[in-house]
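Take a look at this one; I'll ask things after.
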Amino acid sequence: MAEIFDIEKIREQYPILQRTVSGKPLIYLDNAATSQVPRCVVEGIEQMYYTTKANVHRGVHTLSQEATDMVELTREKVRAFLNAASTREIIFTRGTTEAINLVAHSYGDRFVDGDEIILTVMEHHANIVPWQLLQRNKRLKIVVVPINQAGELDIAAYEALFSSRTRFVSVAHASNVLGTVNPVKQIIDIAHSHGVPVLVDGAQATAHMAVDVQALDADFYAFSAHKMYGPSGVGVLYGKEALLADMPPYQGGGEMIGNVSFEGTTFAELPFKFEAGTPDFVDIAAFSRTLDYLQMLGIENIAAHEQTLLEAATAGLQQIPGLTIYGTAAHKHSVLSFLVDGASSYDIGILLDKLGVAVRTGHHCAQPLMRRLGIEGTVRASFAVYNTMHEVEQFIAATARVAKMFARK
C-alpha cells in the first residue's frame, strides 16, 4: 500500500524520535497517554516566551494586546476545528479532566437527591470520580452501561437505563483501553429523546477523527491538547451557549468577573466566566500551531495511516501463542491492548522497554473496566501519525520474543 504522506518528512518534525533507549532506536507507542510534539509547535512556544510574553485580557500595552490576540486566534481555530457555533462556546482548561470537573461541579449544581447519572463501564477515572464527588453532598445514583465481549456498548441496555430521574449522560467518544469508538451520535439522540444532556469525553478522539459538535448535537465536549500533538496543560471544554450561560462559575478569581465588591460580585460574559485566573496563554497560543498542523496533514489521512498500522499490529500479535487481545470492536481506532499468558502487564512493559519499545502498562485509569474484563491490567500500544510499518514489525518481533520467554517459564 502506498504511503499516504511522506512519513520520514513527518518524523523530522519530532527530534525525540531520533533518540535511543537501552541502545535501541526508540519506538514510541504510548500515544494514547500523550503524543509527541512537532518542532513547529515547540518553536511557537519559544517564540511566545522570547517575543510576546505578557498577561492577556488585562493590558493596554502592545505585548499584552498581541498575546491576547494570539489566545483568541486559537479559540477561533478550536471553534472551527469542532464546528462550534460561536467562540463563546469554547472554554480553555488545563485538560480533559478539568473540563469534566467543571461540568460536574457547575452543571451538577442543579442536581438533587435521587437524581441519576448514566456512565459506561469503559470510562476513564476522570469521567467517573468527578461524578462520585457530587455524591458527597447529594444522594445521586450512578448507573452504568455494560459492554459485550467485543468491548462494544450495549445500546439496548443503555436505553433501558433511562428513568424519570435521569439527569445527565457522560460517555467516552473512544475507549482509552479497548480502542472502541462509541456511537456517540446515537447515544446523544437517545438521551435527547428523554430530555437529558450529554457530555462527550473526547480525549481519545480528537487526534484520530473529525469531530463536529453540531452534527453530533453534543451538549458538552471535552479534550486535551497533549494527546493531539499539542502542548501539555491545555484543554478545551465545548458547551452549548445556552447551557453555559445558565451555569454558575466553576472557580472564582481574576478574569472571570464583571464587578467585585464586598456586597456582591457580577461575572464576566462567556467564555471568560469559566476562565478564572491567568491562563496558560503561552501554550494556548502555541496550540494554534497544532491545529494548523493537523489541518495540513488532514485528520482523515492520519486516521487512515493509523488504521493501517493497527490492522498490521493486530494481525501480527494474533499469531503469537498465549497472547490475548482485549477490544475487538467492529469500529475501533489506534489502541491495541493485550496480555501474555503467565506474565503481568508490568513485566511485559519492562522487557519491551529494554528492546526500545515504549508502551503503557497497568489499569490505564479504567479499573471498573478491568474488573469487567476479569484482569488487573493490560499492555497498551497506541499509534500516531509518526509511527511506521517498520516500527510495527519491530514491535511485533519484540513482543513475540518476550512471549517466548514467559512460555519457557
Side-chain angles (χ1 to χ4, degrees), residues 34-35 37 41 44-45 48-49 52-59 64-107 126-127 130 199-203 205-207 211 213 218-241 243-245 247-258 267-294:
T34 195
S35 60
V37 183
V41 176
I45 295 171
M48 187 76 172
Y49 273 119
T52 323
K53 186 175 186 289
N55 213 330
V56 295
H57 300 134
R58 304 180 190 183
S64 178
Q65 290 296 310
E66 288 177 352
T68 298
D69 289 346
M70 292 170 74
V71 167
E72 294 310 311
L73 174 62
T74 302
R75 198 187 306 273
E76 166 55 27
K77 288 183 180 180
V78 172
R79 183 211 64 75
F81 180 77
L82 296 176
N83 191 33
S86 167
T87 54
R88 291 165 61 86
E89 300 179 320
I90 305 300
I91 298 162
F92 289 121
T93 67
R94 292 177 298 164
T96 308
T97 297
E98 185 177 49
I100 295 172
N101 274 274
L102 188 162
V103 176
H105 181 277
S106 187
Y107 189 88
N127 200 24
L199 181 150
V200 180
D201 172 358
T206 49
V211 175
V213 292
D219 300 286
F220 301 98
Y221 197 98
F223 65 95
S224 299
H226 76 97
K227 294 181 186 291
M228 51 188 293
Y229 316 104
S232 300
V234 175
V236 171
L237 173 67
Y238 158 82
K240 288 181 177 176
E241 184 171 346
L243 293 175
L244 293 174
M247 289 161 52
Y250 172 49
Q251 296 175 320
E255 294 278 339
M256 50 76 67
I257 58 90
F267 304 117
E269 295 295 314
L270 291 173
F272 308 110
K273 179 173 76 169
F274 293 105
E275 293 181 354
T278 298
D280 187 355
F281 57 85
V282 171
D283 286 328
I284 291 172
F287 185 43
S288 170
R289 294 195 177 203
T290 302
L291 297 169
D292 292 342
Y293 177 76
L294 289 171

- Task: Decide yes or no for E76 and I90: does some side-chain heavy atom of the first lie under 4.5 Å from some side-chain heavy atom of the second?
- Result: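 SC-SC contact between E76 and I90 ruled out.
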
- Task: Measure the spacing between CG of L270 and NZ of K273 and express it to the nearest 0.5 Å.
- Result: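 Interatomic distance, L270 CG to K273 NZ, rounded to 0.5 Å: 5.5 Å.
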
- Query: Does D283 reach the side chain of I45, with side-chain heavy atoms less than 4.5 Å apart?
  - Reply: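 Of all side-chain heavy-atom pairs linking I45 with D283, at least one is under 4.5 Å.
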
- Find out whether Y229 and V41 are in side-chain contact, i.e. whether some heavy atom of one side chain is under 4.5 Å from a heavy atom of the other.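 A side-chain contact under 4.5 Å is absent here.
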
- Query: L294 versus F81: any side-chain heavy-atom pair under 4.5 Å?
  - Reply: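 In short, these two side chains touch, coming nearer than 4.5 Å.
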
- Measure across P231 and A225 and return the closest heavy-atom pair with its distance rounded to 0.1 Å.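 Result for this residue pair: O-CB, 3.5 Å.
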
- Item | Heavy-atom donor-acceptor pair, T34 side chain to H226 backbone, under 3.5 Å |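 Yes; at least one donor-acceptor contact below 3.5 Å.
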
- Item | Nearest non-hydrogen partners of K227 and A203, listed with the distance |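 Of all heavy-atom pairs spanning K227 and A203, the closest is CD-O, 3.5 Å.
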
- Task: State whether the side chain of K77 and the backbone N or O of F287 hold a donor-acceptor pair below 3.5 Å, judged by distance alone.
- Result: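 Side chain of K77 to backbone of F287: no pair is present.
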
- Message: Using modelled atom types and a 3.5 Å cut-off, is there a donor and acceptor pairing between side-chain atoms of S64 and backbone atoms of N55?
- Response: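 It does hold such a pair.
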
- Message: Taking P248's backbone N and O only, do any of them form a donor-acceptor pair with S106's side chain (distance below 3.5 Å, no angle check)?
- Response: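 Yes, S106 side chain to P248 backbone: donor-acceptor pair under 3.5 Å.
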
- Message: So, taking the atom named OG1 in T96 and the one named CG in N101, what distance separates them when rounded to the nearest 0.5 Å?
- Response: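 Answer rounded to 0.5 Å: 11.0 Å.
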
- Message: So, taking the atom named CZ in F267 and the one named CE in M256, what distance separates them when rounded to the nearest 0.5 Å?
- Response: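 Between F267 CZ and M256 CE, I get 4.5 Å after rounding to 0.5 Å.
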
- Task: For residues L244 and P271, determine if any side-chain heavy atom of one lies less than 4.5 Å from a side-chain heavy atom of the other.
- Result: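 No, too far: nothing below the 4.5 Å cut-off.
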
- Item | Euclidean distance, L237 CG relative to T93 OG1, rounded to 0.5 Å |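 Reported to 0.5 Å precision, the distance equals 7.0 Å.
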
- Which distance, rounded to the nearest 0.5 Å, do you find between the CZ of R75 and the CD1 of I284?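 Separation between the atoms: 7.5 Å.
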
- Judged by atom type as modelled, is there a donor-acceptor pair below 3.5 Å linking the side chain of E255 to the main-chain atoms of H57?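 Flag not set: sc E255 to bb H57 has no pair under 3.5 Å.
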
- Shortest non-hydrogen contact between A222 and I100, atoms and distance: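 Looking at all heavy atoms of both residues, the closest pair is CB-CG1, 4.4 Å.
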
- For A286 and G44, which heavy atoms make the closest approach, and how far apart are they?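 Residues A286 and G44, closest heavy atoms: CB-C, 4.2 Å.
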
- Query: Given the rule in the side chain to side chain contact (heavy atoms under 4.5 Å, CB included) test, do Y238 and R79 qualify, once you have shown the distances and angles that lead to the verdict?
  - Reply: CA-CA 9 Å; Y238 158 82; R79 183 211 64 75; over 6 Å; no

- Query: Which pair of heavy atoms, one from K240 and one from A218, lies closest together, and at what distance?
  - Reply: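 Shortest heavy-atom contact: CE-O, 3.3 Å.
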
- Task: Answer yes or no: is there a side-chain heavy-atom contact under 4.5 Å between F92 and V71?
- Result: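 Yes, close enough: below the 4.5 Å cut-off.
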
- Within the distance-only criterion (no hydrogens, no angle test), does the side chain of T97 pair as donor or acceptor with the backbone N or O of A126 below 3.5 angstrom?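 Answer holds: no.
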
- Tell me, with the steps shown, if T87 and E72 meet side chain to side chain contact (heavy atoms under 4.5 Å, CB included). CA-CA 9 Å; T87 54; E72 294 310 311; 5.7 Å; no

- Under 3.5 Å: donor-acceptor pair, side chain of R88, backbone of E241: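 Checked: no pair found.
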
- Query: Should V200 and F220 count as side-chain neighbours, where that means a heavy-atom distance under 4.5 Å?
  - Reply: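 Side-chain contact under 4.5 Å: no.
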
- Message: With heavy-atom distances below 4.5 Å as the criterion, would you say the side chains of R94 and D280 are in contact?
- Response: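 The answer is no; the side chains never approach within 4.5 Å.
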
- Could you grab the distance from atom CG of L82 to atom CZ of F223, nearest 0.5 Å is fine?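 That separation rounds to 4.5 Å.
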
